[in-house]
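Each remark here refers to the structure printed beneath this line.
In what follows, every chain begins at residue 1, and chains take the letters A, B, ... in the order their sequences are listed. These numbers come from the heavy atoms of this one structure, side chains and all, not from hydrogens, waters or symmetry mates.
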Amino acid sequence: MPERPTLDGIEETWAGVWEAQGTYAFDRTANRADIFSIDTPPPTVSGSLHMGSAFGYVQTDSIARYQRMRGKVLFYPMGWDDNGLPTERRVQNYYGVRCDPQLPYDPTYEPPADPPKDPVSISRRNFVELCLRLTAEDEKAFEALWRRIGLSVDWAQTYTTIGPVSQRASQRAFLRNLARGEAYAQEAPTLWDVDFRTAVAQAELEDREMPGAYHRVGFTQSDGEKVYIETTRPELLPACVALVAHPDDARYQPLFGSTVTTPLFGAEVPVRAHELADPEKGSGIAMICTFGDTTDVIWWRELDLPVRSILGRDGRLLSAAPDGVAEAPYAELAGKTTKQAQKRIVEMLAESGDLVGEPRPITHPVKFFEKGDRPLEVVTSRQWYIRNGGRDAGPREELLQRGKELAWHPAHMQARYENWVSGLNGDWLISRQRFFGVPIPLWYRLDADGEPLYDDPIVPEESALPVDPSSDLPPGFTEDQRGVPGGFAGDADVMDTWATSSLTPQIAGRWEDDADLYARVFPMDLRPQGPEIIRTWLFSTVVRSHLEHGCLPWRDTAINGWVLDPDRKKMSKSKGNVVTPMPLLEEYGSDAVRYWACSGRPGTDTAVDFAQMKVGRRLATKLLNASKFALGFPEASPGPITEPVDQAMLTALSAVVAAATEAFEGYDYARALERTETFFWTFCDDYIELVKNRAYSETVEADSANRALRIALDTLLKLFAPFLPFATEEVWCWFHEGSIHRQAWPTLAEKSGNPAVLTIAGEVLGQVRKAKSAAKTSMRTGVSRLVVRDSPERLALISFAGADLVNAGVVTELVLEEGEPAVEVTLADA
RNA sequence: GGGCGUAUAGCUCAGUUGGUUAGAGCGCACGCUUCACACGCGUGAGGUCACAGGUUCGAGUCCUGUUACGCCCACCA
């Protein structure tokens with residue numbers, strides 16, 4: 001036991017010991033019933049570390065530590081989500097490169113030390129190698145943080161979402177979806193990011209309020225009369241295929257079935273009726289373009305309209321005018337971005353007199369890719385989908401049912417799941433026209449013209465997985481047949497990152513690769529995660545497990561809250577208010593930061609609060625000092641707890657153990673911490689103060705106190721261990737062998753005492769202190785006479801603590817007498 | 001427009017099936033070198049529990065409505 005205990009340096013010390021001794025190692029010989037398995041969220045390693053990265057993980061860790069002490073064998077892995085767009089974008093900026101899948105692999109390629117101004121084009125394989133190199137660095141930084149903050153994960157159980165294990169699982173699951181008809185490809189209009197040049201899924205969309213303007217434009221009827229529409233996207237006029245109004249709209253009913261002519265471009269388009277047309281919006285009649293937004297897609301499909309494509313995948317207008325559109329005016333727009341085209345066409349419409357009045361500015365919500373910078377466009381392309389109930393009521397109902405089977409903590413988070421599933425408007429688009437991801441594991445035969453035969457893809461054997469169809473060969477083909485008529489071509493797309501992350505329980509459990517392990521951990525016990533990815537990660541994991549295994553992937557899910565900056569604003573890089581954890585861990589200590597994180601109620605948004613961290617540090621320090629003090633008393637031989645004050649304390653502590661246990665069973669770590677902490681401060685301020693003189697006294701009564709102190713100390717350390725793993729371990733090693741984190745959770749069941757003995761003694765002691773405070777004198781000042789008047793029942797309880805009260809209050813004469821409750825304190829000096 | 005959540009002391013939050021004068025910590029004020037801790041200890045002042053109704057012997061707690069804030073979703077011409 002150190003002379004002067006300190007928190008300094010205990011993180012390094014104990015993290016090293018835990019690693020060396022395998023304190024948190026998973027025992028794969030344990031039975032399923034004895035295992036608690038956690039589907040840890042794999043953090044996106046290409047992002048910066050911030051407090052949000054620490055918050056939820058620490059809360060989960062407290063639950064993991066509790067379960068471990070309850071005797072469970074923890075399967076607590078860590079994954080790194082390195083797969084996907086964020087990594088690509090970071091690699092592009094970091095190395096100054098750009099992926100060109102057409103280029104051949106250069107095995108000798110090395111990126112320059114400083115990124116060049118103009119990006120260097122490199123092959124897909126070279127690009128992927130850079131992605132792997134950079135994420136390896138990032139993963140080291142994350143692991144260092146997790147170890148520093150004391151996550152009790154088993155570092156032998158790690159995976160990356162781009163690694164071969166994940167690729168194999170991801171491709172296997174996809175092929176099985178394909179075989180069962182759950183995965184399918186379809187040529188269809190889809191939302192498209194023109195910068196990333198990829199399709200995006202419904203789950204990755206977000207609305208942003210954008211400025212725009214209504215342009216009132218006249219179309220010409222057959223009799224020469226004009227009909228006016230209002231549009232925010234006049235540049236799509238050449239793509240117009242119809243006008244549409246609500247079927248009940250009397251203003252436009254006479255026009256239904258007739259045709260009108262588009263201004264400038266002279267295309268003849270029908271006027272149609274559809275329920276989705278809103279008479280209140282604009283002029284009540286809208287132009288349908290292929291495609292301006294998702295409503296256009298619905299109208300186009302349901303009204304069976306032709307296609308007039310004008311927008312390329314690069315976000316620029318195509319060079320050739322579509323059929324039926326006048327070429328001369330279109331030529332002025334070809335090759336322009338939508339923004340440039342809008343400017344020009346407004347000028348042209350103004351000149352021709354088809355634009356009525358000035359454009360009327362508005363702001364309106366526009367769909368963006370959540371990681372994108374420009375509004376999404378709609379382009380037609382061939383994409384892969386997995387059925388998720390977005391198009392079929394039956395599967396949707398099944399998935400809603402799965403959501404009901406899952407135990408949500410807190411329960412109200414289930415509403416977000418139901419909201420999302422009920423609002424799906426299409427299947428899950430999983431293909432991405434990107435590079436750093438798990439490839440779609442398919443090839444296509446090429447016909448005599450070199451066109452792919454999509455209807456009959458070449459499927460690899462599961463044993464061959466993972467495959468990269470852009471470099472691996474399909475069975476029975478040779479490399480010189482790649483890309484030539486009569487030969488084959490690999491599917492160029494990769495899967496959405498969620499298509500792989502949706503399999504984290506299977507990946508971590510080594511599905512099909514290690515049947516023994518898998519059977520011991522799957523389905524898992526707990527999925528902890530953030531609220532913002534219920535619609536993506538949680539839902540997609542349920543979808544994959546439901547389709548593949550016919551069950552839930554886990555029994556419980558714990559949804560953590562959001563971390564806000566100290567001013568209760570959402571943290572974001574763009575606002576520059578991101579708080580990074582490492583400096584805080586250094587300033588306050590890991591236990592203190594953990595204390596702050598575990599003070600946040602489950603599912604409740606919590607602000608970064610330095611004051612709370614300070615309190616946490618104070619608690620950890622107090623734990624060291626109080627423990628040192630209690631351990632400094634003479635050690636008593638085993639025997640009975642004879643004194644009512646000691647019995648009262650242990651009985652009260654038993655209630656705290658019961659409350660903390662019950663709270664943890666319901667995943668409410670915060671309540672467990674709060675109950676324990678409240679008791680601990682009273683224990684220090686009242687109980688220890690009352691008994692310390694007795695404990696030194698080398699009497700029978702001293703033995704009782706010392707036995708009680710040891711029991712209480714053991715118990716409190718264990719109760720705090722899930723929250724303050726470093727400080728509790730430090731204290732534990734002073735008087736025990738082995739790690740506290742492998743000890744059994746306390747089951748104290750002392751009922752012999754009456755907690756009121758301690759409460760009332762505390763009240764009287766408070767009165768004595770109050771008198772001394774009022775006299776502005778030291779607490780050591782003697783009390784010549786202490787009179788306590790109360791009911792006979794309460795006096796009886798106080799008498800049990802009489803000797804301790806006399807000691808703690810430095811009292812000469814204690815008088816107990818019946819009467820109206822009152823305490824009279826006569827100070828010796830007075 | 002739909003859904004969910006929150007509203008209690010200056011600040012951050014507890015308050016589990018409705019039960020006597022509503023709690024904690026921080027901050028603040030005033031004290032105290034008390035043999036573990038001055039990164040400490042003690043005492044104290046702070047609240048018409050968002051608002052309006054209702055149920056009840058009794059409401060911070062249950063019901064209805066209103067307001068404010070936050071988050072999620074929605075077909076954005």
Do A:Q767 and A:E763 have side-chain atoms, one donor and one acceptor, less than 3.5 Å apart?
->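 Side-chain D/A pair, A:Q767 to A:E763: absent.
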
Going by atom types alone, do A:Q612 and A:S599 pair a side-chain donor with an acceptor below 3.5 Å?
-> yes

Let me know the distance between [atom1] of [X] and [atom2] of [N], rounded to the nearest Å.
{"X": "A:K776", "N": "B:C30", "atom1": "NZ", "atom2": "P", "value": "8 Å"}
{"X": "A:L624", "N": "B:A36", "atom1": "CG", "atom2": "P", "value": "15 Å"}
{"X": "A:R675", "N": "B:G15", "atom1": "CZ", "atom2": "P", "value": "8 Å"}
{"X": "A:K628", "N": "B:G40", "atom1": "NZ", "atom2": "C1'", "value": "14 Å"}
{"X": "A:K622", "N": "B:C26", "atom1": "NZ", "atom2": "P", "value": "12 Å"}
{"X": "A:E689", "N": "B:A36", "atom1": "CD", "atom2": "C1'", "value": "10 Å"}
{"X": "A:R416", "N": "B:G3", "atom1": "CZ", "atom2": "C1'", "value": "10 Å"}
{"X": "A:R618", "N": "B:A24", "atom1": "CZ", "atom2": "P", "value": "14 Å"}

Under-3.5 Å donor-acceptor pair between A:R780 side chain and B:U33 base = no

Any cation-pi pair here, A:R208 with A:F368, using under 6.0 Å and within 45°?
->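 Satisfied, under 6.0 Å and within 45°.
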
Can A:R374 be said to sit on top of A:W192's aromatic six-ring, NZ or CZ under 6.0 Å from centre and within 45° of the ring axis?
-> no

With nearest nucleotides of RNA chain B determined for A:W681 and A:A611 from heavy-atom distances, which residue corresponds to the more 5′ nucleotide?
-> A:A611

With nearest nucleotides of RNA chain B determined for A:D609 and A:V615 from heavy-atom distances, which residue corresponds to the more 5′ nucleotide?
-> A:D609

For B:C75, the Watson-Crick or wobble counterpart (both distances under 3.5 Å) | none

Hunt down the Watson-Crick or G-U wobble partner of B:G25, both distances under 3.5 Å, from any strand shown, or write none.
->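 Across all strands, the one nucleotide that pairs with B:G25 is B:C11.
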
Which of the following nucleotides, B:C75, B:C72, B:A77, is nearest to the side chain of A:Y214?
->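 The nucleotide sitting nearest to the side chain is B:A77.
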
